[in-house]
Each structure stands twice: as structure tokens, then as C-alpha cells.
2 protein chains.
Amino acid sequence: MTARPTMHDVARLAGVSIKTVSRVVNDEPRVDPGTRSRVQAAIDHLGFRRNEQARSLRPGQSTALIGLVTGDMGNPFYSAIARGIEDVARQHGHLLLTASSEEQPERERQVIGAFLQHNVAGLIVVPTVLAHQTLTPDVLESLPVVAVDRPLSPPSAVDTVLLSNRDGAHRAVQHLLRDGHTRIAMIDGDPEVYTGRERTAGYLDALREAGLSPDRALILQGYHGDRQAEAAMHALLDLPTRPTAVFVTNNRIVVGALKAMHDRRHWLPLASFDDFEFADLLTTPITVVSYDPIEMGKQAGEQLFRRIGGSTLPPVHTQIQVALRTPADLRPGAGPSS
Amino acid sequence: MTARPTMHDVARLAGVSIKTVSRVVNDEPRVDPGTRSRVQAAIDHLGFRRNEQARSLRPGQSTALIGLVTGDMGNPFYSAIARGIEDVARQHGHLLLTASSEEQPERERQVIGAFLQHNVAGLIVVPTVLAHQTLTPDVLESLPVVAVDRPLSPPSAVDTVLLSNRDGAHRAVQHLLRDGHTRIAMIDGDPEVYTGRERTAGYLDALREAGLSPDRALILQGYHGDRQAEAAMHALLDLPTRPTAVFVTNNRIVVGALKAMHDRRHWLPLASFDDFEFADLLTTPITVVSYDPIEMGKQAGEQLFRRIGGSTLPPVHTQIQVALRTPADLRPGAGPSS
DNA sequence: CTGAAAGCGCTAACAG
DNA sequence: CTGTTAGCGCTTTCAG
């Protein structure tokens with residue numbers, strides 16, 4: 001385990017001062033070409049690599065690190081966002097720290113604290129539901145922060161990247177209405193979560209537009225994760241007067257809803273916010289509100305680097321457009337088996 | 001944008017020396033309780049946070065950072081591994097850097113180089129296919145490295161966490177054979193990838209065991225991603241004498257195969273390495289080789305921290321067990337719709 | 001074009 | 001129990 005070479009070692013080998021090595025490493029102009037190549041040779045020979053820790057210790061030099069906090073990096077939606085951010089970070093020569101809050105404000109607080117101790121140059125956060133004790137004004141002033149998928153609560157003047165939640169839900173439910181349904185149920189997760197609230201509002205918009213008044217018995221909220229959503233779907237199927245179609249507000253709930261329908265061998269027309277790869281391969285194809293989570297990450301990353309680059313414009317709020325994909329849209333050219 | 005407080009600021013406010021502050025921050029024993037609480041008050045008042053960069057600059061003090069390189073953090077399989085690692089890292093007070101190699105050795109090299117510049121305490125890698133120019137002996141000696149999902153090529157003496165690829169494939173194909181199939185096709189991705197090679201071997205094992213000789217026309221290799229896999233499945237369906245069942249070697253290929261069968265409205269019994277949430281909700285349920293990727297990450301993380309903790313045992317090779325899930329296993333208690 | 005000296009924020013010695 | 005000194009690896013003055 002030989003010690004890692006330092007600029008000092010390189011300088012000694014090349015017969016120059018440490019400062020000249022620094023100049024070569026940083027591609028500074030005023031270096032004699034001969035000296036430069038001699039130093040470069042020494043660098044290559046020793047396998048020297050600049051210590052980022054030491055570099056960023058000097059004032060003004062930020063760590064080439066950005067931090068991402070999501071609810072759960074194991075959730076494909078969040079990891080797709082991470083992927084988009086990573087691409088942008090790489091273009092800017094930065095690395096990405098990732099951590100999961102598990103939707104717990106306390107964990108979010110700890111993680112952000114740890115990121116700050118590592119002097120991240122910026123932060124991208126999918127905020128947890130409750131008040132953000134860590135994203136206090138002084139934190140927000142000390143480094144750029146972008147909120148993705150949900151705004152901060154209480155609302156702060158930070159950049160956001162959000163989906164057209166309300167409009168997407170509106171259109172999905174509209175689609176069911178056009179098919180003649182009038183008893184359309186809805187299953188949502190935590191009604192405190194911004195996305196769920198917005199999508200619920202879109203559902204209500206569509207009903208109102210159609211002149212229908214919402215039926216309390218058909219609006220199920222507070223069903224977290226696929227297991228609880230499964231129970232919710234069973235409850236709907238147990239109703240004396242069943243709904244004729246169902247709208248579900250996210251990619252966890254749709255899994256539970258489908259499982260329940262599968263168990264009961266009873267399929268209701270379904271519309272879901274969030275797309276998934278198998279949507280068109282199911283027993284009954286479903287209508288989905290589709291969008292590109294990688295693009296969300298890219299937008300968030302680009303906005304963050306604009307701030308890191310010094311932009312002081314007023315907060316930017318980016319809307320990511322969503323598309324409705326109905327069973328009729330699927331693979332229109334596909335013919336039957338030959 | 002006020003400057004971030006340092007130990008110096010805390011020391012001045014508390015009327016002690018900087019070293020005493022350091023002692024309090026690091027929970028060292030020999031500090032007077034009165035002094036300690038006075039310092040703590042100053043810390044709280046200023047919102048002081050130790051600068052990790054500066055701390056880890058001292059020799060012997062490693063950065064509380066570990067690095068993860070996978071093929072694509074947007075792939076749910078890899079992000080699940082990341083999630084498992086993250087949990088272990090947190091328990092050990094470390095943060096996780098993540099990056100995608102896109103299966104390109106050159107990018108892998110760059111990413112690992114960047115991680116090393118940030119003085120990561122350890123590295124977890126899903127190695128790319130070709131030779132690992134970066135994971136050279138001197139790198140492997142300078143910090144702990146764990147390989148997940150695939151061993152290093154050329155083989156090095158590092159810890160690995162691998163699936164029972166060959167056995168899992170063997171059992172999946174065995175299952176098809178027991179259903180009476182004798183013309184079982186196989187679709188694989190890059191035959192250079194370790195997991196694909198092993199799973200192919202398992203497929204051949206099963207055929208041999210059944211006294212069948214492999215049919216070249218039914219073994220399709222080199223189909224990367226779901227698009228190419230879709231074409232492969234079409235090719236199988238175009239064969240003058242079609243196979244009666246198909247085994248696919250990963251979670252990308254199964255998507256393509258299913259799409260092709262769906263387009264043709266022609267479903268062949270299918271077995272897949274890699275499970276997915278919708279396996280039992282499809283038009284024709286399929287047989288899957290199932291395992292827990294989060295657990296893979298946990299095992300890798302725990303092994304890494306054993307090394308970071310100083311373990312010098314010979315390389316540890318952890319096998320993650322896999323389970324066969326057949327359509328008959330699915331939800332046995334579920335009854336028909338009431 | 002090149003170098004010497006100072007210091008970033010912190011911790012390990014060694015005094016007191 | 002507490003403080004002083006030195007120095008981690010690097011970049012920034014400011015002189016040559």
C-alpha cells in the first residue's frame with residue numbers, strides 16, 4: 001500500500017516547484033512548453049491524481065459534488081430522475097451524492113446536514129411532506145437548491161421542476177368520461193402529498209366539467225404503497241354498487257389495484273397517473289398519464305448549474321408536460337399472428 | 001450569504017481554544033462538563049457544522065464517502081442495489097456517490113478516477129465487460145473494492161457478490177422441460193457479459209440433463225435491450241418450426257419478448273431470469289427466477305465495510321440465492337370474482 | 001515564465 | 001482538563 005503521490009512528489013521528480021505542477025494540472029497558460037511536458041511526464045509516471053479534498057479547501061473553491069435527496073432511490077421513478085441529474089452533473093464535471101429520506105422529515109434533515117458538511121455545490125430535493133426544518137432560509141441562501149416533483153412546504157422562493165399533475169389527471173378522467181362512465185372511483189395515497197392533492201383536484205375538475213358531483217364513497221385516500229392500494233381496490237369491488245371505472249394517482253397504487261382486480265378476476269377500466277413498461281401487455285390495457293422522469297432530472301440539473309454558475313434570476317418554475325396514452329394508441333400497426 | 005462558521009468562530013464565542021471545540025465536536029472524553037455545554041451552546045447558536053473536507057485532509061482520516069459504479073442508475077435492478085448499499089452506508093455514517101458507466105470501460109475508468117480524486121473510502125462496482133484498465137492492482141491495493149453482479153475480468157482477488165445464475169437458469173429451463181417442452185429457445189443479450197454466459201450455461205445444463213442436444217437455430221445471442229430482444233422474438237415466431245417455449249436471460253429481454261408476442265397475438269410459455277412486479281398480471285403468466293437486489297446491495301455494502309474496518313481475510317465470494325416462481329405459485333388462495 | 005511563503009479548517013502530538 | 005504548534009495537499013498572493 002504505497003502512499004498516493006502528491007504534487008510535491010511530482011515537483012521533485014520533474015525538478016520544478018510545486019506551483020509549476022499546480023499550473024500544469026490546472027491547465028494554466030503561462031508555462032513553458034518544455035517544462036509542461038516534463039511535468040506531465042512525471043505526472044503520468046507517478047500516476048498522480050489531484051486531491052479534490054485539498055483543492056476545495058481553499059476559499060471560493062467549491063467541491064465538485066452535488067447532492068440529491070429523494071424518498072427512495074429504489075423507486076424507479078426517483079432513480080430515473082437521478083439518472084437525468086447524473087448526466088448533467090457529469091457534463092459539468094461534478095459527481096452526484098444520493099440519499100433516501102424515506103419520506104421522513106427527520107431523515108431528510110440528517111441527510112441534508114451531511115451533504116452540507118461535505119460542502120456540496122448544490123442540492124436537488126424531492127421534499128418530504130411536512131415542514132422542512134433543514135431547508136431553512138439560511139440554508140437556502142448559502143447554496144443553490146432545486147425542488148423536483150413537489151414544491152417546498154411551506155412554499156419558498158426556490159426553483160422547482162414539477163409535472164402538469166392537475167391537467168394530466170384531468171385529461172385521464174376526461175377520457176374515462178368520454179367512454180360513457182359516470183361512476184368513476186379514485187384511489188390516492190397520502191392526501192398530504194402535493195402530487196396526490198393536485199391529481200385529486202384534476203379528477204374533481206373533470207367530474208365538475210361533466211356536470212357530475214363527486215361521490216364520497218368512490219374517493220379513497222390515504223392508501224400508501226401497493227399493499228394498501230390493493231385493499232382499497234378490494235373495497236371498491238365489495239361496494240353494493242360498484243364503480244364502472246377507476247382512476248389511480250400513482251405508480252404504486254396502480255400495482256395494488258391491478259393485483260386486486262386480478263385476484264377477483266374482475267377488471268374495471270383503469271386510468272393511472274404514471275406510465276409503466278407493461279401497461280400495454282396486461283389482460284386489460286389501461287390508460288396512463290405518461291412523462292419522462294429522466295427529463296425531469298435533466299431540467300432540475302440544468303437549473304441547478306445555472307444557479308451554481310451564478311444566475312440570480314427570480315425563481316424558475318419548470319413544468320414538465322405529460323401525455324395521455326390510451327389503449328387505442330398502442331401499437332396501431334400491429335397485426336394479428338400470421 | 002454569510003460565511004459558514006468555523007471552529008475558530010465557535011472557540012472565540014465560547015472563550016476557549018479551537019482544540020477544545022474539536023474535542024466537543026468529536027465527543028472526546030476529557031472535557032469539563034461546564035466547558036462542554038458552553039461550547040455546545042456556541043455551536044448551536046452559530047449553527048456550526050464540521051467541514052468534512054478539512055477533517056479528512058489529515059492523514060489517516062478517510063472521507064466518509066463510498067462510490068458505486070453501475071451500468072445505469074436508471075435501471076431498477078441497479079437502483080435497488082444502490083438502495084441496499086445506501087442503507088448500510090448510512091449505518092456506518094458514510095454517504096454514497098453514484099455513477100453510471102453505460103457499460104463503457106472508458107467511462108468506468110473516468111468515473112473511478114473521479115471517485116479516487118475524492119478520496120472515497122471504498123468502491124462497489126458492477127464491472128463493465130472488457131478489461132478493467134482502472135481497477136489495476138495498485139488501485140485494488142489502495143482501497144477496498146467489492147464487485148457486484150459480475151466478477152472482475154480478468155479475475156482479480158476482490159470480494160464478490162454474485163447470483164446463482166447458472167443454477168437459477170437451470171431450474172427455470174428444467175421447469176419448462178417438465179411441462180413436456182423439447183424445443184425450448186433462448187434469447188440472450190451480450191454473450192460477453194458474465195451473467196448471460198452463466199445463464200446460458202444453465203440452460204445448456206438443463207437440456208443436457210434431459211438428454212436433449214441444443215439446437216443452434218433456437219439459441220439467439222447478442223440481442224441488447226428490449227428493442228433488439230423484440231426483434232429476436234419475432235425471428236423465433238417466424239421460424240418454419242417454432243419453438244414451443246422460450247427462456248430469456250434478463251429483465252430487458254423479457255420486455256421485448258413479451259411485446260413481440262403481444263403484437264403477434266401468439267403467446268409461448270416463457271421463463272425469465274429476473275422477476276418483475278407485473279409477472280403475474282400478464283395475459284399469460286410466466287415463470288421467473290426471482291431474487292432480492294436490495295439484499296445484494298446490502299451484502300456488498302457489509303463486505304465493503306468489513307474491509308474498510310480492516311479485515312484482511314482472503315477474498316469473500318457471496319452467493320445470493322434465487323427462487324423459481326411459477327404461474328402455479330401465484331396467489332394460490334385467490335378465488336374468482338364474487 | 002517560475003518560485004517561496006502563507007493559509008484554507010481541521011486534528012495529532014505534545015506541553016502545561 | 002486545556003492550549004500551542006505543526007502540517008494534511010493544494011492554490012493564491014507576490015516576488016523574482
Side-chain angles (χ1 to χ4, degrees), chain A residues 2-40 42-43 46-65 93 114 116-121 142, chain B residues 2-40 42-43 46-65 93 114 116-121 142:
Chain A
T2 49
R4 178 171 155 181
T6 71
M7 280 196 179
H8 216 95
D9 302 324
V10 175
R12 205 146 34 95
L13 182 61
V16 297
S17 85
I18 178 179
K19 176 61 212 185
T20 301
V21 178
S22 173
R23 289 201 174 91
V24 172
V25 169
N26 293 304
D27 266 327
E28 284 176 35
R30 286 141 200 298
V31 180
D32 180 90
T35 313
R36 184 182 294 275
S37 62
R38 202 147 35 84
V39 170
Q40 191 57 55
I43 288 174
L46 293 172
F48 168 79
R49 228 184 267 286
R50 178 176 59 187
N51 183 331
E52 281 295 314
Q53 238 73 38
R55 187 191 61 79
S56 63
L57 197 55
R58 298 315 314 285
Q61 308 275 9
S62 98
T63 321
L65 246 35
L116 293 178
Q117 291 192 209
H118 283 271
N119 294 331
V120 292
S142 73
Chain B
T2 48
R4 180 170 154 182
T6 72
M7 280 194 178
H8 216 94
D9 302 323
V10 175
R12 205 148 31 97
L13 182 62
V16 297
S17 85
I18 179 179
K19 177 64 212 185
T20 300
V21 177
S22 172
R23 288 202 174 92
V24 172
V25 169
N26 294 304
D27 265 327
E28 284 176 35
R30 285 144 200 298
V31 181
D32 179 273
T35 315
R36 184 182 294 274
S37 62
R38 201 146 36 85
V39 170
Q40 190 58 54
I43 288 173
L46 294 172
F48 168 79
R49 228 184 268 286
R50 177 177 61 187
N51 183 330
E52 281 295 314
Q53 238 72 38
R55 186 192 61 81
S56 63
L57 197 56
R58 302 310 316 286
Q61 307 277 5
S62 99
T63 321
L65 246 37
L116 293 177
Q117 290 191 210
H118 282 271
N119 294 330
V120 292
S142 72

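Here is the naming used below: chain letters follow the sequence lines, and residue numbers restart at 1 for every chain.
D:dG7 atom P lies 12 Å from atom NE2 of A:H8, rounded to whole Å. Taking atom CZ of residue A:R12 and atom C1' of nucleotide D:dG9, one finds them 14 Å apart after rounding to whole Å. As a whole-Å value, the separation of A:D27 CG from D:dT11 P is 12 Å. Between A:R4 atom CZ and D:dC8 atom P there is a gap of 15 Å when expressed in whole angstrom units. Taking atom CD on A:E28 and atom P on D:dT11, their separation rounds to 8 Å, with Å as the unit. The distance between atom CZ of A:R50 and atom P of D:dG9, rounded to the nearest whole Å, is 15 Å. Taking atom CD1 of residue B:I18 and atom C1' of nucleotide D:dT2, one finds them 14 Å apart after rounding to whole Å.
Regarding contacts with the backbone of D:dC10, every side-chain N or O of A:S22 stays at 4.0 angstrom or more from both OP1 and OP2. For D:dT11, one of the phosphate oxygens OP1 or OP2 lies less than 4.0 angstrom from a side-chain nitrogen or oxygen of A:N26.
No engagement by B:V25 is indicated, since no non-hydrogen atom pair under 4.0 Å with the nucleic acid exists. When heavy atoms are screened at a 4.0 angstrom cut-off, B:R55 is found touching the sugar-phosphate backbone but no base atom. Note on B:R23: a base of the nucleic acid sits closer than 4.0 angstrom, heavy atoms only. Across all strands shown, B:S56 has no heavy atoms under 4.0 Å from either base or sugar-phosphate atoms.
Using a 3.5 Å distance cut-off with no hydrogens or angles, the side chains of A:R4 and B:N119 do pair a donor with an acceptor.
Atom OG1 of A:T20 is separated from atom CE of A:M7 by 10.5 Å, given to the nearest 0.5 angstrom.
Closest to the side chain of A:M7, from the set D:dT11, D:dC1, D:dG3, is D:dT11.
Within the 4.5 Å cutoff, no side-chain heavy atoms of A:R23 are placed close to those of A:V39. Considering only heavy atoms from C-beta on, B:T63 stays 4.5 Å or farther from B:H118 through its side chain.
On the nucleic acid side, DNA chain C contacts chain B at distances under 4.0 Å to non-hydrogen atoms, with the end points of that region at C:dG9 to C:dA13.
Along DNA chain D, the nucleotide nearest A:P5 and the nucleotide nearest B:R30 are compared for position; the residue whose nucleotide lies closer to the 5' end is B:R30. Comparing B:P29 and B:L57 along DNA chain D, the residue whose closest nucleotide (by nearest heavy atom) sits nearer the 5' end is B:P29.
For residues 25-35 of chain B, every residue pair satisfying the side chain to side chain donor-acceptor pair (under 3.5 Å) rule, not counting sequence neighbours, is listed here: B:S22-B:N26, B:N26-B:R50.
Considering every non-hydrogen atom in both A:F48 and A:V25, the closest pair reads CE2-CG2, 3.8 Å.
Counting only distance, with no hydrogens or angles, the side chain of B:R49 and the backbone of A:Q117 share no donor-acceptor pair below 3.5 Å.
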